[in-house]
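Written out below as structure tokens is the structure these notes cover.
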Amino acid sequence: MMALTESLQFLLDEATAEQNVPGGVLYVATPEGKYEIASGFSYVTKRHKVQRRDRFRIGAITQVFVATVVLQLYQNRALNLEDNLTKWLDKEICDRLENSDKITIRQLLNHSSGLDDYLETDEFQQAVSQRDKNQFWTAKEAICLADNLESLGVPGAGHCYSNTNYILLELIVEAVTGNPLYQEMRSRIFDPLGLKDTFTEYRETPPPKHKSCQNCISPEKLGTGLGDRGLISSAYDVGKFAETLFMTDELLNEDTFDKMINWFQDNEGGFYGLGVNSWDAKEWGDVWGYTGGIDGYSSALWHLPDEEMTIVVLLDEDIDTTPDYIIERVLAVILEDEL
């Protein structure tokens, strides 16, 4: 184990240096053991040496957590995946969405709604440029600021990634439960799994730090706190969540999980389920997971079901960085050693 720890440390140090990344963390879980590696220094102070349990914005990996909550509500018969938007969203929202009477919850989950991405609209970008970075958004406000969101395709016809889908899922969770999304994620996932470093930015007070943990979030870089990209977490917490979701029935029962991993082609060479991606990593086999990037941070979550292995990389940079590249190097070290 010591030899592998040293190899992973060298790998992360070398990879972050090659990509000019200030710092990052790596979590690896295999049937033989678990490894937590940190490298570099925090973007925030340039002096804080990154620790293994440091917290980073995890970007779109947030969507795996949100999808799990929605599927739990389906599992509990609180909603149906074929419900359309008009069943759960108020008229002010639905009037801004083309095909709101046809788009289903399932299509939001698998990004086949055809809705344009609110982040890419001129109206939203203009609002961002004029807004105080300390003032957080609400999901309804984000949709309304984006004004009329046009359809880019027929609902259900094919995969078209749009952060709008998960903003709308946030509103649906709140309509179904009567609680904010962050409360539902906490009561259903964070607290039951003991995810001590995971919280919704702007909506929750950050949990107490571990003695060795500093908060690596830069106040100069704008987060969202919304259902598409709003979570802050550690590599350990993301890994623990993924292991529980993909390898046990603690979060979703077998029938519901089968719906999550009912794949269809994503038009990018991979496959998409309900809140999770799948792709062929060639010699490493199938991968389930997600990648994310948001305002100075990039992240990748890979789970290899055949190997029962989970790998998470969180980096303190989002320009020209590829956390997937680091994971591929990790797999080369671990799996080639097993041959």
Side-chain angles (χ1 to χ4, degrees), residues 54-73 93 108-109 111 115 117-121 124-125 127-128 131-146 161-177 179-191 193 195-207 215-235 237-238 241-242 245 275-276 289-301 312 314-316 318:
D54 274 347
R55 303 162 181 161
F56 297 75
R57 289 186 179 120
I58 63 172
I61 292 177
T62 297
Q63 295 179 20
V64 188
F65 288 80
V66 175
T68 300
V69 169
V70 173
L71 288 171
Q72 286 181 342
L73 293 172
I93 294 293
L108 297 179
L109 286 166
H111 289 290
L115 287 171
D117 195 326
Y118 80 101
L119 289 173
E120 302 300 325
T121 63
F124 189 81
Q125 290 298 320
V128 169
R131 194 179 185 90
D132 184 341
K133 291 186 178 181
N134 293 318
Q135 184 180 2
F136 65 81
W137 308 90
T138 66
K140 183 174 181 178
E141 183 181 21
I143 293 297
C144 290
L145 280 171
Y161 180 90
S162 172
N163 288 286
T164 302
N165 294 316
Y166 277 75
I167 298 294
L168 295 173
L169 286 170
E170 175 173 356
L171 291 169
I172 289 171
V173 168
E174 293 178 355
V176 172
T177 66
N179 298 318
L181 173 63
Y182 73 84
Q183 288 185 4
E184 291 296 318
M185 288 195 289
R186 179 151 300 283
S187 64
R188 294 172 177 274
I189 301 175
F190 306 163
D191 289 346
L193 298 188
L195 306 185
K196 297 180 180 179
D197 291 312
T198 305
F199 63 99
T200 303
E201 189 170 13
Y202 301 124
R203 271 62 179 178
E204 297 183 281
T205 300
N215 194 335
C216 280
I217 301 306
S218 168
E220 290 102 28
K221 294 188 175 182
L222 183 65
T224 66
L226 297 177
D228 57 339
R229 312 184 298 163
L231 290 184
I232 290 174
S233 190
S234 63
D237 275 11
V238 173
F241 163 69
L245 176 63
V276 64
Y290 224 96
T291 59
I294 176 172
D295 303 299
Y297 302 89
S298 58
S299 54
L301 160 64
V312 179
L314 305 180
L315 300 177
D316 203 356
D318 69 342

### Query
Does any non-hydrogen side-chain atom of L315 lie less than 4.5 Å from one of Y297?
no
### Query
Any sub-3.5 Å donor-acceptor pair from D117's side-chain atoms to N163's backbone N or O?
yes
### Query
Do F199 and F190 pass the ring pair (Phe, Tyr, Trp, His ring centres under 6.0 Å) test, and can you show the C-alpha distance, the side-chain angles, and the key distance before you say yes or no?
CA-CA 8 Å; F199 63 99; F190 306 163; 8.9 Å; no
### Query
How long is the span from the CD1 atom in I143 to the CG atom in L115, to the nearest 0.5 Å?
8.0 Å
### Task
Check the pair C144 / I93 against side-chain contact (heavy atoms from CB on, under 4.5 Å), numbers first and verdict last.
CA-CA 7 Å; C144 290; I93 294 293; 4.2 Å; yes
### Any P207 side-chain heavy atom under 4.5 Å of K196 side chain
no
### Task
Flag the pair T177 / L73 as yes when at least one side-chain heavy-atom distance between them is below 4.5 Å, and no otherwise.
yes
### Query
Are E201 and Y182 linked by a side-chain donor-acceptor pair shorter than 3.5 Å?
no
### Message
Less than 4.5 Å apart, side chain to side chain, heavy atoms only: is that true for V64 and F241?
### Response
yes
### Task
Give a yes or no answer on whether the side chain of Y290 reaches the backbone of S299 with a donor-acceptor pair at less than 3.5 Å.
no
### Message
Does either side chain, that of Y118 or that of D228, offer a donor lying less than 3.5 Å from an acceptor on the other one?
### Response
yes
#### Entry: Rounded distance (nearest 0.5 Å) linking atom CG of N179 with atom CD of E184
4.5 Å
### Distance-only donor-acceptor check, side chains D237 and T198, under 3.5 Å
yes
### Task
Among V238, I61, I58, find the one that has a side chain to side chain contact (heavy atoms under 4.5 Å, CB included) with V312.
V238
### Task
For N165 and L109, run side-chain contact (heavy atoms from CB on, under 4.5 Å): C-alpha distance rounded to whole Å, both residues' side-chain angles, the deciding distance at 0.1 Å, then the answer.
CA-CA 7 Å; N165 294 316; L109 286 166; over 6 Å; no
### Message
Once rounded to the nearest 0.5 Å, what's the spacing between atom CG of L71 and atom CZ of R188?
### Response
11.0 Å
### Query
CG of L169 to CD of E174: how many Å apart, nearest 0.5 Å?
11.5 Å
### Task
Would you indicate whether the side-chain heavy atoms of S234 and L195 approach each other to under 4.5 Å?
no
### Message
Just so I know, are the side chains of Y166 and L108 near enough to count as touching, which here means a heavy-atom distance under 4.5 Å?
### Response
no
### Query
Which distance, rounded to the nearest 0.5 Å, do you find between the OG1 of T164 and the OH of Y161?
9.5 Å
### Message
Under a 3.5 Å distance rule, please check whether E204 uses its side chain to pair with a backbone N or O of T200 as donor and acceptor.
### Response
yes
